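Notes follow the structure.
A note on names: the letters A, B, ... follow the listed sequences, proteins ahead of strands, and every chain is numbered from 1. Predicted model only: the values in this text are computed from it and were never measured.
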2 protein chains.
Amino acid sequence: MDVRTITRCCEPVLTAPLGEDDAEELASAFKVLADPARLRLMSLVANSPSGEVCACDLVVPLGRSQPTISHHLSVLVDAGLLARERRGKWAWYSMVPEKLAVLCQILAPSASC
Amino acid sequence: MDVRTITRCCEPVLTAPLGEDDAEELASAFKVLADPARLRLMSLVANSPSGEVCACDLVVPLGRSQPTISHHLSVLVDAGLLARERRGKWAWYSMVPEKLAVLCQILAPSASC
DNA sequence: GATTCGTATTGACGAGCATCAATCTATCTG
DNA sequence: CAGATAGATTGATGCTCGTCAATACGAATC
């Protein structure tokens, strides 16, 4: 199972025993969400009217250093939860909402489909 | 926001900016899921025909020591994801599926409701 | 080309946690 | 009560990771 490639609805992991490899992979996906700074970053991007946010506008509201913000943004991009686009000196980030829905469906398929 | 007390549907955190305290709490909830041993334990309980599993039947399939299994089960119970019932010498565990659905709805409200 | 500015990377430090061995607690059975 | 068994707790260890200071990279401007 590759969490990052699952796209169709209703792939309920909790309706079949989970092997060690699959569990490791799914745990890695949740690990990305298990950090308050990353959740706040996603929240700020998700609530931007334009649908994207400049990295330069994320350091102050988060209250962390610039390298820390850059690190968390990279983790979110690597996980496929955010998309990065460079424009000149600035980096703009936008949501990839499908990834969240996939994790949701894995957890609670009965609630979604 | 108290993740463990939210019961109604559609409480989309990602449609409103997330404060540091709320983010910390939500991150803690995901941290519980961000471990392969705990995911496998939940998977085994969720797939039990009787709806409950004796702790004595979880040590061997997980391939971890008895104290480690006991530790993870306690974490899951404390998070409200599993319920524990003692019967004599044995401890039986069952799912509390509502908690998973709550996390799902927080993440991807549009997919569920 | 030199400077400036935004972002990414590197290295180091400290906290948190998954794990196990040893021990303790509780319950059942002679 | 004594022994046995299931589960929880304690203490220690090693690893992961969030964080920051310092630095490197890249693009725009002069």
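Within 4.0 Å of Arg38(A), counting heavy atoms only, lie sugar-phosphate atoms of the nucleic acid but no base atom. Residue His72(B) is in sugar-phosphate contact alone, with no base atom involved, counting any heavy-atom pair closer than 4.0 Å across all strands shown.
dT9(D) atom C1' lies 12 Å from atom CZ of Arg84(B), rounded to whole Å. One interatomic measurement links the two molecules: NZ of Lys31(A) to C1' of dC17(D), which rounds to 10 Å at whole-angstrom precision. Between Leu58(B) atom CG and dA8(D) atom C1' there is a gap of 15 Å when expressed in whole angstrom units. If you take CG of Leu76(B) and P of dA8(D), they are 12 Å apart, rounded to a whole angstrom. Atom NE2 in His71(A) sits roughly 16 Å away from atom P in dA21(D) (whole-Å rounding). Look at CG on Leu82(B): it is 16 Å from C1' on dG7(D), rounded to the nearest Å. Rounded to a whole Å, the CG atom of Asp57(B) is 17 Å from the P atom of dT5(D). Residue Glu85(B) contributes atom CD, which lies 13 Å from atom P of dA8(D) at whole-angstrom precision.
Side-chain N or O atoms of Arg38(B) include none that pairs as donor or acceptor with a backbone N or O of Leu76(B) at under 3.5 Å. Listed for the Asp22(A) side chain is no donor-acceptor partner under 3.5 Å among the backbone atoms of Leu18(A). Side chain of Ser43(A) to main chain of Ala16(B): a donor-acceptor pair is present (N/O by atom type, distance under 3.5 Å, no hydrogens or angles).
Hydrophobic clustering (side-chain heavy atoms under 4.5 Å, transitive across Ile, Leu, Val, Met, Phe, Trp, Tyr) groups Val102(A) together with Leu81(A). Hydrophobic clustering of Ile, Leu, Val, Met, Phe, Trp and Tyr side chains at less than 4.5 Å, counting indirect connections, keeps Trp92(B) apart from Val75(B).
Across its full length, the helix from dG1(C)-dC30(D) to dG30(C)-dC1(D) shows an angle of 20° between the axes of its 5 terminal pairs at either end, rounded to 10 degrees.
For the pair Trp90(A) and Val75(A), both in contact range of DNA chain D, the more 5′-proximal nearest nucleotide belongs to Val75(A). Residue Leu73(B) is the one, among Ala34(A) and Leu73(B), whose nearest nucleotide of DNA chain D lies closer to the 5' end (criterion: closest heavy atom).
Taken from CG in Asp78(B) to OG in Ser28(B), the straight-line distance is 12.5 Å, to the nearest 0.5 Å. Asp57(B) CG to Tyr93(B) OH: the interatomic distance, rounded to the nearest 0.5 Å, is 12.5 Å. Summarising the geometry, atom CZ belonging to Arg40(A) is positioned 7.0 Å from atom CZ belonging to Arg64(A); distances are rounded to the nearest 0.5 Å.
When DNA chain C is scanned in the 5' to 3' direction for atoms under 4.0 Å from non-hydrogen atoms of chain A, the outermost contacting nucleotides are dC5(C) to dT9(C).
Scanning residues 59-70 of chain A for heavy-atom distances under 4.0 Å to DNA chain C yields Gln66(A), Pro67(A), Ser70(A).
When all heavy atoms are compared, the tightest approach of Gly51(B) to Ser94(B) is O-CB, 3.4 Å. Between Val53(B) and Leu44(B), the closest heavy-atom pair is CG2-O, 3.8 Å. Minimum interatomic distance between Ala29(A) and Leu103(A) (heavy atoms only, all atoms of both residues): CB-CD2, 3.8 Å.
For the pair Ser70(A)/Gln66(A), a side-chain contact is recorded, criterion being any heavy-atom separation below 4.5 Å from C-beta on.
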